[in-house]
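A short write-up of the structure that comes next.
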Amino acid sequence: MVLPPLVKGSLQIGKLILLQKQIACKLVLKDVIPLDSIRFVCGLDAAYSRIYKGVAVATLIDIHNRKLIDANVALGTPPLQYIPGLLAFREAPIFYTALRPLLHQCQVVVVDGHGISHPRKAGIATHIGMAIKKPTIGVAKSKLAGTIKVVDGEKYVELQGQLVAKVLVHRNNELYVSPGAYITLSSAVKIIERLLEPDKSLPLPTYYADTLSKMLARKLDKRVIEPKTLKQHKLMDILRRTELLLI
DNA sequence: GCGACAG
DNA sequence: ATCTTGTCGC
(Lines give C-alpha, C1' and ligand atoms only; values in the text may rest on other atoms or scores of the structure.)
Protein backbone atom coordinates (compact mmCIF):
# COMPACT_ATOMS: atom_id res chain seq x y z
CA MET A 1 0.00 0.00 0.00
CA VAL A 2 1.20 3.50 -0.79
CA LEU A 3 0.06 4.79 2.56
CA PRO A 4 2.89 6.67 4.18
CA PRO A 5 5.46 5.33 6.58
CA LEU A 6 4.92 6.71 10.05
CA VAL A 7 7.21 9.65 10.23
CA LYS A 8 8.37 11.21 13.44
CA GLY A 9 9.38 14.68 14.42
CA SER A 10 11.80 16.42 12.15
CA LEU A 11 12.30 13.37 10.00
CA GLN A 12 13.20 13.82 6.36
CA ILE A 13 10.55 15.90 4.71
CA GLY A 14 12.63 15.49 1.57
CA LYS A 15 11.88 11.78 1.52
CA LEU A 16 8.16 12.42 1.74
CA ILE A 17 8.41 14.83 -1.15
CA LEU A 18 10.35 12.26 -3.14
CA LEU A 19 7.71 9.67 -2.36
CA GLN A 20 5.05 11.98 -3.76
CA LYS A 21 7.01 12.44 -6.95
CA GLN A 22 7.22 8.67 -7.30
CA ILE A 23 3.49 8.36 -6.77
CA ALA A 24 2.89 11.02 -9.44
CA CYS A 25 5.07 9.07 -11.87
CA LYS A 26 2.83 6.02 -11.65
CA LEU A 27 -0.34 8.07 -11.72
CA VAL A 28 -3.13 6.98 -14.06
CA LEU A 29 -5.56 9.72 -15.08
CA LYS A 30 -7.88 7.86 -17.42
CA ASP A 31 -11.44 6.76 -16.75
CA VAL A 32 -11.45 3.13 -15.70
CA ILE A 33 -15.20 2.86 -15.28
CA PRO A 34 -18.13 4.21 -17.32
CA LEU A 35 -19.89 7.15 -15.71
CA ASP A 36 -23.28 5.50 -16.20
CA SER A 37 -22.32 2.52 -14.08
CA ILE A 38 -21.44 4.59 -11.03
CA ARG A 39 -23.94 4.27 -8.24
CA PHE A 40 -22.12 3.99 -4.93
CA VAL A 41 -19.73 6.69 -3.85
CA CYS A 42 -17.70 6.99 -0.66
CA GLY A 43 -16.73 10.24 1.05
CA LEU A 44 -13.80 10.92 3.39
CA ASP A 45 -13.24 13.69 5.92
CA ALA A 46 -11.70 14.16 9.34
CA ALA A 47 -12.16 16.29 12.42
CA TYR A 48 -9.98 16.65 15.48
CA SER A 49 -10.91 15.85 19.03
CA ARG A 50 -8.78 17.17 21.87
CA ILE A 51 -8.82 13.81 23.62
CA TYR A 52 -8.84 11.32 20.79
CA LYS A 53 -7.02 13.33 18.15
CA GLY A 54 -7.99 12.36 14.64
CA VAL A 55 -11.60 11.32 13.94
CA ALA A 56 -12.05 10.16 10.36
CA VAL A 57 -15.40 9.25 8.84
CA ALA A 58 -16.05 7.35 5.63
CA THR A 59 -19.55 7.56 4.20
CA LEU A 60 -21.29 5.54 1.52
CA ILE A 61 -23.86 7.32 -0.64
CA ASP A 62 -26.26 5.88 -3.17
CA ILE A 63 -26.33 8.28 -6.09
CA HIS A 64 -29.79 7.06 -7.13
CA ASN A 65 -31.70 8.14 -4.05
CA ARG A 66 -28.96 10.47 -2.80
CA LYS A 67 -29.05 8.95 0.64
CA LEU A 68 -26.48 7.89 3.19
CA ILE A 69 -26.54 4.12 3.29
CA ASP A 70 -23.52 3.37 5.45
CA ALA A 71 -20.80 5.06 7.45
CA ASN A 72 -17.68 4.08 9.33
CA VAL A 73 -15.40 5.87 11.77
CA ALA A 74 -11.72 5.54 12.67
CA LEU A 75 -9.84 7.14 15.56
CA GLY A 76 -6.10 7.70 15.55
CA THR A 77 -3.25 10.05 16.27
CA PRO A 78 -1.92 11.77 13.16
CA PRO A 79 1.72 10.77 12.55
CA LEU A 80 2.61 14.27 11.47
CA GLN A 81 1.64 17.85 12.10
CA TYR A 82 -0.06 19.64 9.25
CA ILE A 83 2.36 20.80 6.58
CA PRO A 84 0.96 22.32 3.37
CA GLY A 85 1.56 19.84 0.57
CA LEU A 86 2.06 16.91 2.94
CA LEU A 87 -1.48 16.53 4.22
CA ALA A 88 -1.66 12.98 2.92
CA PHE A 89 1.00 11.80 5.32
CA ARG A 90 -1.06 13.15 8.16
CA GLU A 91 -4.56 12.02 7.22
CA ALA A 92 -4.39 9.23 4.65
CA PRO A 93 -3.68 6.43 7.16
CA ILE A 94 -6.77 7.15 9.24
CA PHE A 95 -8.81 7.79 6.09
CA TYR A 96 -7.87 4.40 4.81
CA THR A 97 -8.79 2.73 8.09
CA ALA A 98 -12.24 4.35 7.99
CA LEU A 99 -12.75 3.53 4.32
CA ARG A 100 -11.64 -0.09 4.32
CA PRO A 101 -14.92 -1.72 5.47
CA LEU A 102 -16.86 0.14 2.77
CA LEU A 103 -14.32 -0.29 0.01
CA HIS A 104 -15.85 -3.29 -1.74
CA GLN A 105 -19.19 -1.49 -2.07
CA CYS A 106 -18.10 1.72 -3.72
CA GLN A 107 -16.90 2.60 -7.20
CA VAL A 108 -15.61 6.10 -6.55
CA VAL A 109 -14.21 7.89 -3.50
CA VAL A 110 -14.51 11.62 -2.86
CA VAL A 111 -11.81 13.02 -0.59
CA ASP A 112 -11.77 16.30 1.34
CA GLY A 113 -8.61 17.88 -0.09
CA HIS A 114 -6.85 18.09 -3.44
CA GLY A 115 -5.98 15.44 -6.00
CA ILE A 116 -3.48 16.44 -8.69
CA SER A 117 -4.09 20.12 -7.97
CA HIS A 118 -0.97 19.87 -5.86
CA PRO A 119 2.66 21.06 -6.22
CA ARG A 120 3.79 17.53 -7.12
CA LYS A 121 0.47 16.28 -8.53
CA ALA A 122 0.09 14.06 -5.50
CA GLY A 123 -2.52 15.43 -3.12
CA ILE A 124 -4.28 13.26 -0.58
CA ALA A 125 -6.92 12.11 -3.06
CA THR A 126 -4.13 10.86 -5.31
CA HIS A 127 -2.46 8.99 -2.45
CA ILE A 128 -5.74 7.28 -1.59
CA GLY A 129 -6.54 6.47 -5.20
CA MET A 130 -3.16 4.87 -5.86
CA ALA A 131 -3.45 2.88 -2.66
CA ILE A 132 -6.90 1.43 -3.35
CA LYS A 133 -6.58 1.36 -7.15
CA LYS A 134 -9.98 2.93 -7.61
CA PRO A 135 -11.15 6.27 -8.98
CA THR A 136 -10.81 9.10 -6.46
CA ILE A 137 -11.77 12.77 -6.64
CA GLY A 138 -10.37 15.59 -4.53
CA VAL A 139 -12.72 18.39 -3.47
CA ALA A 140 -11.02 21.24 -1.61
CA LYS A 141 -12.39 24.50 -0.27
CA SER A 142 -9.35 26.56 -1.22
CA LYS A 143 -6.47 26.52 -3.64
CA LEU A 144 -3.10 25.03 -2.80
CA ALA A 145 -1.07 25.51 -5.96
CA GLY A 146 -1.27 26.79 -9.52
CA THR A 147 -2.92 29.77 -11.14
CA ILE A 148 -6.49 30.47 -12.15
CA LYS A 149 -7.21 30.22 -15.84
CA VAL A 150 -10.52 31.00 -17.47
CA VAL A 151 -11.53 28.80 -20.40
CA ASP A 152 -14.87 29.42 -22.11
CA GLY A 153 -16.02 31.38 -19.09
CA GLU A 154 -15.22 28.50 -16.74
CA LYS A 155 -12.57 28.74 -14.05
CA TYR A 156 -9.78 26.20 -13.84
CA VAL A 157 -6.52 25.79 -11.99
CA GLU A 158 -3.52 25.55 -14.27
CA LEU A 159 -0.34 23.95 -13.01
CA GLN A 160 2.78 23.12 -14.95
CA GLY A 161 0.97 23.64 -18.23
CA GLN A 162 -1.93 21.40 -17.30
CA LEU A 163 -5.51 22.03 -16.20
CA VAL A 164 -5.53 20.19 -12.89
CA ALA A 165 -8.75 21.37 -11.30
CA LYS A 166 -12.03 23.04 -12.08
CA VAL A 167 -13.42 25.71 -9.79
CA LEU A 168 -17.10 25.26 -9.04
CA VAL A 169 -18.94 28.07 -7.32
CA HIS A 170 -21.50 26.56 -5.01
CA ARG A 171 -23.52 28.61 -2.52
CA ASN A 172 -21.12 31.53 -2.97
CA ASN A 173 -18.18 29.33 -2.08
CA GLU A 174 -15.51 27.93 -4.35
CA LEU A 175 -14.94 24.21 -4.63
CA TYR A 176 -11.75 22.98 -6.27
CA VAL A 177 -12.43 19.69 -7.99
CA SER A 178 -9.45 17.67 -9.15
CA PRO A 179 -8.92 14.06 -10.12
CA GLY A 180 -7.09 11.93 -7.57
CA ALA A 181 -6.40 8.89 -9.73
CA TYR A 182 -8.06 6.60 -12.30
CA ILE A 183 -10.39 9.34 -13.55
CA THR A 184 -10.32 12.37 -15.82
CA LEU A 185 -10.99 15.94 -14.75
CA SER A 186 -14.16 16.17 -16.82
CA SER A 187 -15.59 12.96 -15.38
CA ALA A 188 -14.65 14.04 -11.88
CA VAL A 189 -16.50 17.31 -12.37
CA LYS A 190 -19.59 15.55 -13.74
CA ILE A 191 -19.75 13.25 -10.73
CA ILE A 192 -19.27 16.05 -8.21
CA GLU A 193 -21.91 18.22 -9.86
CA ARG A 194 -24.28 15.31 -9.56
CA LEU A 195 -23.56 15.14 -5.84
CA LEU A 196 -24.20 18.79 -5.00
CA GLU A 197 -27.33 19.87 -3.16
CA PRO A 198 -28.71 23.42 -2.98
CA ASP A 199 -28.77 23.33 0.80
CA LYS A 200 -25.43 21.66 1.45
CA SER A 201 -22.04 23.31 1.16
CA LEU A 202 -20.17 20.19 0.07
CA PRO A 203 -20.93 17.23 -2.19
CA LEU A 204 -23.09 14.69 -0.30
CA PRO A 205 -20.37 12.12 0.49
CA THR A 206 -17.97 14.61 2.08
CA TYR A 207 -20.79 16.71 3.49
CA TYR A 208 -21.95 13.81 5.63
CA ALA A 209 -18.40 12.78 6.46
CA ASP A 210 -17.68 16.36 7.56
CA THR A 211 -20.85 16.65 9.65
CA LEU A 212 -20.41 13.27 11.29
CA SER A 213 -16.70 13.61 12.05
CA LYS A 214 -17.24 16.99 13.70
CA MET A 215 -20.20 15.70 15.68
CA LEU A 216 -18.32 12.62 16.86
CA ALA A 217 -15.26 14.65 17.83
CA ARG A 218 -17.46 16.89 19.97
CA LYS A 219 -19.35 14.02 21.57
CA LEU A 220 -16.10 12.22 22.32
CA ASP A 221 -14.67 15.28 24.06
CA LYS A 222 -17.90 15.77 25.99
CA ARG A 223 -17.79 12.07 26.84
CA VAL A 224 -21.28 11.59 25.49
CA ILE A 225 -19.88 8.75 23.41
CA GLU A 226 -17.21 6.23 24.34
CA PRO A 227 -14.54 5.37 21.77
CA LYS A 228 -15.21 1.76 22.72
CA THR A 229 -18.78 2.11 21.49
CA LEU A 230 -17.61 3.31 18.12
CA LYS A 231 -15.45 0.27 17.68
CA GLN A 232 -17.95 -2.31 18.85
CA HIS A 233 -20.95 -1.14 16.94
CA LYS A 234 -21.11 0.11 13.44
CA LEU A 235 -21.48 3.85 13.25
CA MET A 236 -24.59 3.53 11.12
CA ASP A 237 -26.34 1.51 13.82
CA ILE A 238 -25.58 4.20 16.36
CA LEU A 239 -26.96 6.85 14.05
CA ARG A 240 -30.16 4.91 13.58
CA ARG A 241 -30.63 4.41 17.32
CA THR A 242 -29.71 7.81 18.61
CA GLU A 243 -31.17 11.25 18.28
CA LEU A 244 -28.01 12.06 16.40
CA LEU A 245 -29.95 11.10 13.35
CA LEU A 246 -30.15 14.07 11.03
CA ILE A 247 -30.37 12.13 7.85
C1' DG B 1 14.83 37.09 0.04
C1' DC B 2 9.55 37.18 -0.42
C1' DG B 3 5.06 35.39 -0.75
C1' DA B 4 1.93 31.28 -0.72
C1' DC B 5 0.41 27.67 1.83
C1' DA B 6 -5.41 21.56 1.17
C1' DG B 7 -6.72 20.29 6.47
C1' DA C 1 -8.32 21.53 11.48
C1' DT C 2 -9.38 24.00 16.29
C1' DC C 3 -10.02 27.71 20.10
C1' DT C 4 -15.30 30.35 20.79
C1' DT C 5 -20.43 34.52 22.49
C1' DG C 6 -22.83 37.25 20.87
C1' DT C 7 -24.69 39.19 17.06
C1' DC C 8 -26.31 40.64 12.36
C1' DG C 9 -29.64 39.22 8.98
C1' DC C 10 -33.05 36.41 6.21
The side chain of [X] is closest to which nucleotide in this list: [options]?
X: A:Ser142; options: C:dA1, B:dG7, B:dC5; result: B:dG7
X: A:Asp112; options: B:dG7, C:dA1, B:dA6; result: B:dG7
X: A:Ala47; options: C:dA1, B:dC5, B:dG7; result: C:dA1

Under 4.0 Å, counting only non-hydrogen atoms across every strand here, what does A:Lys214 touch: a base, just sugar-phosphate, or nothing?
sugar-phosphate
Touch check for A:Gly85, heavy atoms < 4.0 angstrom, all strands: base, sugar-phosphate only, or nothing?
base
Within 45° of the ring axis of A:Tyr156 and under 6.0 Å from its six-membered ring centre, is that where the NZ or CZ of A:Lys149 lies?
no
Measure [atom1]/[X] against [atom2]/[N] and give the value in whole Å, please.
X: A:Asp45; N: B:dG7; atom1: CG; atom2: C1'; result: 8 Å
X: A:Arg218; N: C:dT4; atom1: CZ; atom2: P; result: 14 Å
X: A:Leu220; N: C:dT2; atom1: CG; atom2: P; result: 13 Å
X: A:Tyr176; N: B:dG7; atom1: OH; atom2: C1'; result: 15 Å
X: A:Ile116; N: B:dA6; atom1: CD1; atom2: C1'; result: 15 Å
X: A:His114; N: B:dA6; atom1: NE2; atom2: C1'; result: 5 Å
X: A:Leu175; N: B:dA6; atom1: CG; atom2: C1'; result: 13 Å
X: A:Leu16; N: B:dA6; atom1: CG; atom2: C1'; result: 16 Å

Proximity of A:Phe89 and A:His127 rings by center, below 6.0 Å:
yes
Crowding at NZ, A:Lys141 (>12 non-hydrogen neighbours, <6.0 Å)
yes
Counting only side-chain nitrogens and oxygens, does A:Lys53 get under 4.0 Å of the OP1 or OP2 atom of C:dA1?
no
Has A:Lys141 got a side-chain N or O lying under 4.0 Å from the OP1 or OP2 atom of B:dA6?
no
Evaluate whether the aromatic ring of A:Tyr82 and the six-membered ring of the B:dG7 base sit under 5.5 Å apart, centre to centre, with an inclination under 30°.
yes
So, applying side chain to side chain contact (heavy atoms under 4.5 Å, CB included) with A:Thr59, which one of A:Leu68, A:Leu235, A:Val41 is it?
A:Leu68
Just checking, any donor-acceptor pair under 3.5 angstrom between side chains of A:Ser49 and A:Asp221?
yes
